Structure formats: structure tokens, C-alpha cells
**Q** 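One structure, as C-alpha cells, below. Some questions next.
Along the sequence shown, residues are numbered consecutively beginning with 1. The structure presented is a predicted model; accordingly, all values stated were derived computationally and were not measured.
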Amino acid sequence: MTETSATSARLLRPLALLQTRREWSGPELAERLADLAGRLQRAAAPALRQGPAPGEGTEPSP
């Protein structure tokens with residue numbers, strides 16, 4: 001899977017969660033989204049440890 005498609009998949013997971021049921025209680029939805037957020041953070045941790053992507057975080061040239 002390419003990096004772009006992996007990013008797209010991560011962004012679509014919350015939408016897929018919302019489509020799995022017609023109605024969610026507030027506390028139940030909050031719990032499910034918190035679980036999803038934790039999994040996404042763990043999945044993104046290796047990339048975050050590598051530091052900024054090339055060209056990011058630099059001062060613009062005068």
C-alpha cells in the first residue's frame with residue numbers, strides 16, 4: 001500500500017465507523033472514536049519518530 005493510500009484509508013475509518021450503525025449514543029460514539037484515535041496514533045508513531053519530511057520545517061529563502 002502506498003503512503004497516500006494508507007493516509008486515505010486512515011482518514012476514511014471514522015466515516016466508516018459512523019456508517020456501521022444508524023444511531024449512536026454520545027458516550028458510545030465517544031468511546032469508539034477514542035479507540036480509533038488510539039489505534040491511529042500507534043500506527044503513525046513510527047513515521048512521527050523519523051522527524052519532519054524533507055523540506056518541512058525550514059525557513060524560507062530570502
Side-chain angles (χ1 to χ4, degrees):
M1 181 179 285
T2 67
E3 185 177 337
T4 302
S5 61
T7 300
S8 297
R10 284 194 307 269
L11 292 173
L12 291 174
R13 283 186 191 129
L15 293 176
L17 173 66
L18 292 172
Q19 291 179 338
T20 59
R21 291 182 43 190
R22 185 178 175 109
E23 294 182 16
W24 291 91
S25 69
E28 188 176 25
L29 182 57
E31 181 181 332
R32 294 292 300 268
L33 289 174
D35 178 55
L36 179 63
R39 285 186 279 143
L40 291 174
Q41 288 172 350
R42 286 188 295 278
L48 294 172
R49 285 188 197 105
Q50 292 177 359
E56 290 184 11
T58 60
E59 293 291 322
S61 300

**Q** Which atoms form the tightest heavy-atom contact between Pro14 and Leu33, and what is the distance?
**A** CB-CD2, 4.5 Å
**Q** Quick one: CZ on Arg32 to OG1 on Thr20, what's the gap to the nearest 0.5 Å?
**A** 5.5 Å
**Q** Taking atom CG of Leu17 and atom CG of Leu12, what is their separation to the nearest 0.5 Å?
**A** 12.5 Å
**Q** Is atom CD of Glu28 surrounded by more than 12 heavy atoms (other residues, nucleotides or ligands) closer than 6.0 Å?
**A** yes
